[in-house]
Enquirer: 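Encoded as structure tokens, here's the structure I'll be asking about.
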Amino acid sequence: MLNRSNKLIQFKRFYSTTTATINNNDPPKLIKKDTIYSLSSGVGKSGVAVIRVSGPQSKNVLQSLINKEKEPKDRLATLGTFYHPTTKEPLDKGIYIWFSNPNSFTGEDVVEFHIHGGRAVIHDTLEAISTIPGTRSSQPGEFTKRSFDNGKLDLTQVEGLSDLLDAQTQHQRKIALDQMQGSIGKFYHTLRNDLIRASAYMEAFIDFGDDAELEPEIVEQSKQKILAIKEKIIQHLNDGRRGERLRDGAQIAIVGPPNAGKSSLLNLLAKRKASIVSPIPGTTRDIVEVVLDIGGYPVVVGDTAGIRHSTLDLIEKEGIEMAKERFKQSDIKLFLYDCSIHGDDADSMDLLLNIIDKNTILVFNKVDLVDKKLNWDSKRKEILDTIYQRKGFHSNYIEISCLENIGIQNLLLHLENNLKQLFEIDDKEAPLLTRVRYKEHLNDCVESLNRYIYYCDSDIVLASEELRSAIKSIGEITFSVNIDDLLDVIFKDFCIGK
Ligand SMILES: Nc1nc2c(ncn2[C@@H]2O[C@H](COP(=O)(O)OP(=O)(O)OP(=O)(O)O)[C@@H](O)[C@H]2O)c(=O)[nH]1
């Protein structure tokens, strides 16, 4: 075993190498780079197009294009005529906005030209900018990269911005905007700071325990705090993949026997012919997917091969296996039952009883073909009773007709409610876990905290190293891996040397 002073030397060595490699306590410095430019609005003909320029030559670009040497006013939309810097030919009349560093998106000097969105205007303006020395056209994502390099956005905000640009539905937009404004980053910063604070007490105990007469109870207190933080992280990790689902879309599977109308339902939901509809059983083989917005939630609806035992067709068999797998993995399951079948429908019933679970919505299709008064009501009752007897739950069901568009609105409402429940957050404080990357760092963090707990009572130096590792893992989510913060807390909270 190492004695206390050896441990301390070992710890100090570890500490100095850790801080030497990841110390980044200085305020972000503006690194002089090329001035970059590009069309920031969408490609193609439009009413207005925005060209963004960022970097040290931005002011020169602006003054060259307006052909005036005057100092631009900050953050003020100004009307002007833009000229080619060499030929002095007028290019367009539009608006420019000047953002002096560091108060711009990238943190550098930035100018935006709002010009008419015709191809020639855009092309000629970009060409005019390119003639100014020190400028070049930007790489994809380079403005955002500069924003990150200059400390304007942390990594989670960059990812939020990217999600915002990709957002297809209302709820995706909301969560991405939240993330871009720093909600997730703030949550992880707080967790990290709590860990730093709790660990700082331990560091102080190691460093000054003998001299400063700190009580060993301090270690126990900090252990309790760290356990509470660990619980919070575990709770956050157990979000049932809500965040990821919201980014990628919840999975909805349409399954059932052949010819039940699965492809017809998919086409109706998609409002287009996405899947082949035919009276020939076994038409759909592969999974046909359509991305939809249901009540603001993103979903991926999959039409699957009709499931039946009696096929010798190898491709159809493969499709049936895929359908079963998809059914298992889906967040919302729709089982389509053809209620127009007269006589023996034992196969459908067998299949239904085989795969239905509490979360499956039983969709009775082709109600246009049944005579409700005569036999459908009693047949439906028989089906529902059998499910209850055999499976022990009352099944959720809906009646529709794809052909006559009956009950589809009702089905959509039902789906919307299910999606709402799926995405509802129990912990209002914690944001949704939107990326696998965050999950991996948080899992690493929890593992380090488990090791910390293991060492805590026997070897405080090793325990402390595990804490540093845990802090580093959380820091990697936002990329603020500066362990020097720890010393700040020691000196602030303990006022050592007073
Ligand atoms: N009368 C009536 N016919 C329907 C309805 N829905 C679908 N059909 C018909 O039923 C047949 C089968 O429809 P599909 O949508 O291809 O059925 P499926 O379940 O995808 O079939 P498979 O690909 O074989 O698994 C077609 O002829 C449809 O026009 C409905 O609500 N009422």
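Only this structure's heavy atoms are used, side chains among them; waters, hydrogens and symmetry mates stay out. As the structure lists them, so they are numbered: ligands from 1, and atoms in each ligand from 1. Predicted model, so just to flag it, every value in this text is computed and none were measured.
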Enquirer: State the atoms of ligand 1, each with its element, that fall below the 4.0 Å cut-off from a heavy-atom position in S263.
Expert: 15 (O), 18 (P), 20 (O)
Enquirer: Kindly state each residue pair satisfying ring pair (Phe, Tyr, Trp, His ring centres under 6.0 Å) with at least one member in residues 239-278, sequence neighbours excluded.
Expert: none
Enquirer: Hey, do the aromatic rings of H441 and Y188 have their centres closer than 6.0 Å?
Expert: no
Enquirer: Which bit of L403 gets closer than 4.0 Å to ligand 1, counting heavy atoms only: side chain, backbone, both or neither?
Expert: both
Enquirer: Find all atoms of ligand 1 within a distance of less than 4.0 Å from any non-hydrogen atom belonging to P258, and give their numbers and elements.
Expert: 24 (O), 25 (O)
Enquirer: Does the ring centre of Y388 sit less than 6.0 Å away from the ring centre of F393?
Expert: no
Enquirer: Using the rule given for ring-ring contact (aromatic ring centres under 6.0 Å, His included), can you reason through F113 versus F82, listing the C-alpha separation, both sets of side-chain angles and the distance that settles it, and then say yes or no?
Expert: CA-CA 9 Å; F113 296 99; F82 307 127; 5.2 Å; yes
Enquirer: Below the 3.5 angstrom mark, is there an N/O of I400, backbone or side chain, next to an N/O of ligand 1?
Expert: no
Enquirer: Counting only heavy atoms, which portion of N365 has something under 4.0 Å from ligand 1: side chain, backbone, both, or neither?
Expert: side chain
Enquirer: When you compare the side chains of D109 and N101, does any donor N or O come within less than 3.5 Å of an acceptor on the partner?
Expert: yes
Enquirer: In plain terms, say whether K174 and D178 are close enough for a salt bridge, that is, a side-chain N and a carboxylate O under 4.0 Å apart.
Expert: no
Enquirer: Under 4.0 Å from any heavy atom of I280, which atoms of ligand 1 are there?
Expert: 24 (O)
Enquirer: Can we say D194 and R197 salt-bridge, meaning some charged N sits less than 4.0 Å from an Asp/Glu carboxylate O?
Expert: no
Enquirer: May I ask you to decide whether E244 forms a salt bridge with R247, counting only side-chain N to carboxylate O separations under 4.0 Å?
Expert: no
Enquirer: Where is the nearest protein heavy atom to atom 1 (N) of ligand 1: which residue, which atom, and how far?
Expert: D368 OD2, 2.9 Å
Enquirer: Identify which of C339, P257, C402, G261 has a heavy atom lying nearest to atom 31 (O) of ligand 1.
Expert: C402
Enquirer: Using the six-membered ring of Y37, assess whether NZ or CZ of R136 lies under 6.0 Å from its centre and within 45 degrees of the ring axis.
Expert: no
Enquirer: I need the atoms of ligand 1 closer than 4.0 Å to a non-hydrogen atom of P279, numbered in the order shown.
Expert: 27 (O)
Enquirer: Please list the nearest protein heavy atom to atom 24 (O) of ligand 1 with its residue and the distance rounded to 0.1 Å.
Expert: G282 N, 2.6 Å
Enquirer: What is the ring orientation for F423 with Y297, classed by angle as parallel under 30°, tilted 30 to 60°, or perpendicular over 60°?
Expert: parallel
Enquirer: Tell me the contacting part of L369 for ligand 1: side chain, backbone, both, or neither, using a 4.0 Å heavy-atom threshold, strictly below.
Expert: side chain
Enquirer: When you measure from atom 18 (P) of ligand 1 to every protein heavy atom, which one gives the shortest distance, and what is it?
Expert: K262 N, 3.5 Å
Enquirer: Can you list the residues that meet the side chain to side chain donor-acceptor pair (under 3.5 Å) rule with K145, with sequence neighbours excluded?
Expert: D149
Enquirer: Is E465 salt-bridged to R451, going by a charged N under 4.0 Å from an acidic O?
Expert: no
Enquirer: Are any of the N/O atoms on D303, whether in the backbone or the side chain, positioned under 3.5 angstrom from an N/O atom of ligand 1?
Expert: no
Enquirer: Is there a nitrogen or oxygen of E404 sitting under 3.5 Å from a nitrogen or oxygen of ligand 1?
Expert: no
Enquirer: Provide, to 0.1 Å, the distance between atom 29 (O) of ligand 1 and the closest protein heavy atom, together with that atom's residue and name.
Expert: V277 CG1, 3.8 Å
Enquirer: Of the protein's non-hydrogen atoms, which lies at the shortest distance from atom 4 (C) of ligand 1, and what is that distance?
Expert: K366 CE, 3.7 Å
Enquirer: For atom 15 (O) of ligand 1, grab the closest protein heavy atom and report residue, atom and distance to one decimal in Å.
Expert: S264 OG, 2.6 Å
Enquirer: Are S147 and T106 linked by a side-chain donor-acceptor pair shorter than 3.5 Å?
Expert: no
Enquirer: Give the atom numbers and elements of ligand 1 that come within less than 4.0 Å of a heavy atom of G306.
Expert: 25 (O)
Enquirer: At under 4.0 Å between heavy atoms, is it the side chain or the backbone of S278 that contacts ligand 1, or both, or neither?
Expert: backbone
Enquirer: Considering only non-hydrogen protein atoms, determine which one is nearest to atom 22 (P) of ligand 1 and report residue, atom name and distance to 0.1 Å.
Expert: N259 N, 3.6 Å
Enquirer: Any heavy atom of D338 closer to ligand 1 than 4.0 angstrom?
Expert: no
